[in-house]
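Comments concern the structure below.
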Amino acid sequence: MPNDNHDENSYNNLSLDHFMAGLKKRNPDEPEFHQAVYEVAESVIPFILENPKYQKAGIIQRMTEPDRTIIFRVVWEDDEGHIRINRGYRVQFNNSIGPYKGGLRFHPSVNLSILKFLGFEQTFKNSLTTLPMGAGKGGSDFNPKGKSEREIMRFCQAFMTELSYHIGPNTDVPAGDIGVGAREISFMFGQYKRLQHEFTGVLTGKALAFGGSLVRTEATGYGNAYFMEEMLRHHSDSINGKVCVVSGSGNVALYCCQKITQLGGKVVTLSDSSGFIYDKNGIDEDKLAYLIKLKTVQHGRLSEYAAAYGCEYHEGERPWGIPCDLAFPCATQNELDEADAKVLVANGCKAVSEGANMPCSAQAIRVFQQAQLIFGPGKAANAGGVAVSGLEMTQNSMRLAWSAKELEQRLQGIMVDIHKQCATYGEEDGYMNYVKGANIAGFIKVADAMLAYGVM
Ligand code: GLU
């Protein structure tokens, strides 16, 4: 007997509206989670209706309910001796095809809705990589900005003290995300090793000296450029000679910029939370080297780049109004809305590939699809990061390390394969709907595993 929340109707008479109404009722005040589920349900529900075995087994209802959600208190001491309290989370979403896998985000905006949307997306993304990884996401509302190195260390140690009960190399393998880079991963890995008295590949994105993988830092950005190249190739085109607008200035944006440049494209923008730079001449390898140092070592602002190279700096604005052939949103969720999408289309943009998770709003995606613009959703386009995390897990298990060349080839192969899977299910009257393709391809693998396990 279905319970009050999942009424019988949602199994026998599955409809998008009814399903979404139930989901919203069960998960009030979680708009980002609703948005991520809606994007998937819109394309997967028609597929389920054609394949009743998934409907009868309540697979989509089960997939939208995390296996478990862990919420905990993190207490640490700041440099002035004040006691500080943050909230820590790990949403273990689905481990049907492998250990829970997904990043940790430290940002003041972190809440349950954001982590559930990210964990849910990760289910499909990890499935698409073809590697054996389930899905999870975690983090904290801790703001690393402006904190000293020692404060970050104390926070990471306190966070890991609780998280260590819930993770393990065969259980749940976290990594980085916004606000969590090599430094934070190192502090957390050290604390896990000390607490558990064992050295295992429990986190990915580690430094090379203790089990990290080459190409992991570059992987999400490189993968996004490879995915764009593959989408364009499918449409008899390429990145070569294209003007590209990129947002963000973290790992994803910087290395996406690098690969675009290597593929012959010209990146003219990057952004941070204060504004964006518009460098008409293009951000070449030398300028990028300056930026990587500025952002990752000095933790500086993009306005410093504008001053150093004498280019335009647009304070408080986003880069979508700059005319371009290709757009790569690589900053954060919902950074590109309907109005931005209309401007991109009006300016003749041909394709958009999401380096961040859910950077385009649902309305923006609708605008792109109506204009028949090529659109690569994050769960396919940015899967390169977690894919190389999967390769880091493999290397740790084998206790050996692959070369950069080997890893880059594998990454490129995975991105080509993801494109192929999307193309298998995305064809729609001559328009390649990558959203639909990614959702259905990602769904099938996890759904079939769940069916095989029976009722659980
Ligand atoms: N945070 C990244 C993502 O959104 C990487 C996750 C991982 O490497 O586990 O996919």
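Ligands are counted one by one from 1 in listed order, and the atoms in each one are counted from 1 as well. Numbers here simply count residues along the sequence, with the first being 1. The basis for the numbers below is simple: all heavy atoms, side chains too, and nothing from hydrogens, waters or symmetry mates.
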Consider ligand 1: state whether an atom of it lies below 4.0 angstrom from any non-hydrogen atom of Gln122. yes
Going through the distances and angles, do Tyr305 and Asp279 end up as a side chain to side chain donor-acceptor pair (under 3.5 Å)? CA-CA 10 Å; Tyr305 173 99; Asp279 188 341; 2.7 Å; yes
Before we go on, tell me: are the rings of Phe93 and Tyr100 under 6.0 Å apart, centre to centre? no
Kindly say whether the aromatic ring centers of Phe210 and Phe199 come within a distance under 6.0 Å. no
Ring centres under 6.0 Å, that's the criterion: do Phe106 and Phe155 meet it? yes
Suppose I only count heavy atoms of Ala175 and a 4.0 Å limit; which atoms of ligand 1 are within that range? 7 (C), 8 (O), 9 (O)
Looking at ligand 1, is there an atom of it that comes within less than 4.0 Å of some heavy atom belonging to Lys137? yes
Using heavy atoms and a threshold below 4.0 Å, how should the contact between Asn357 and ligand 1 be classified: side chain, backbone, both, or neither? side chain
Assess Arg216 for proximity to ligand 1: is some non-hydrogen atom of it under 4.0 Å away? yes
Ring centroid separation for Tyr226 and His419, is it under 6.0 angstrom? no
Specify the protein heavy atom at minimum distance from atom 8 (O) of ligand 1: its residue, its atom name, and the distance to 0.1 Å. Ser389 OG, 2.5 Å
Which segment of Lys125 sits under 4.0 Å of ligand 1 when only heavy atoms are counted: side chain
Looking at ligand 1, is there an atom of it that comes within less than 4.0 Å of some heavy atom belonging to Gly176? yes
Does a salt bridge link Glu39 with Lys379, judged by any charged N lying under 4.0 Å from a carboxylate O? yes
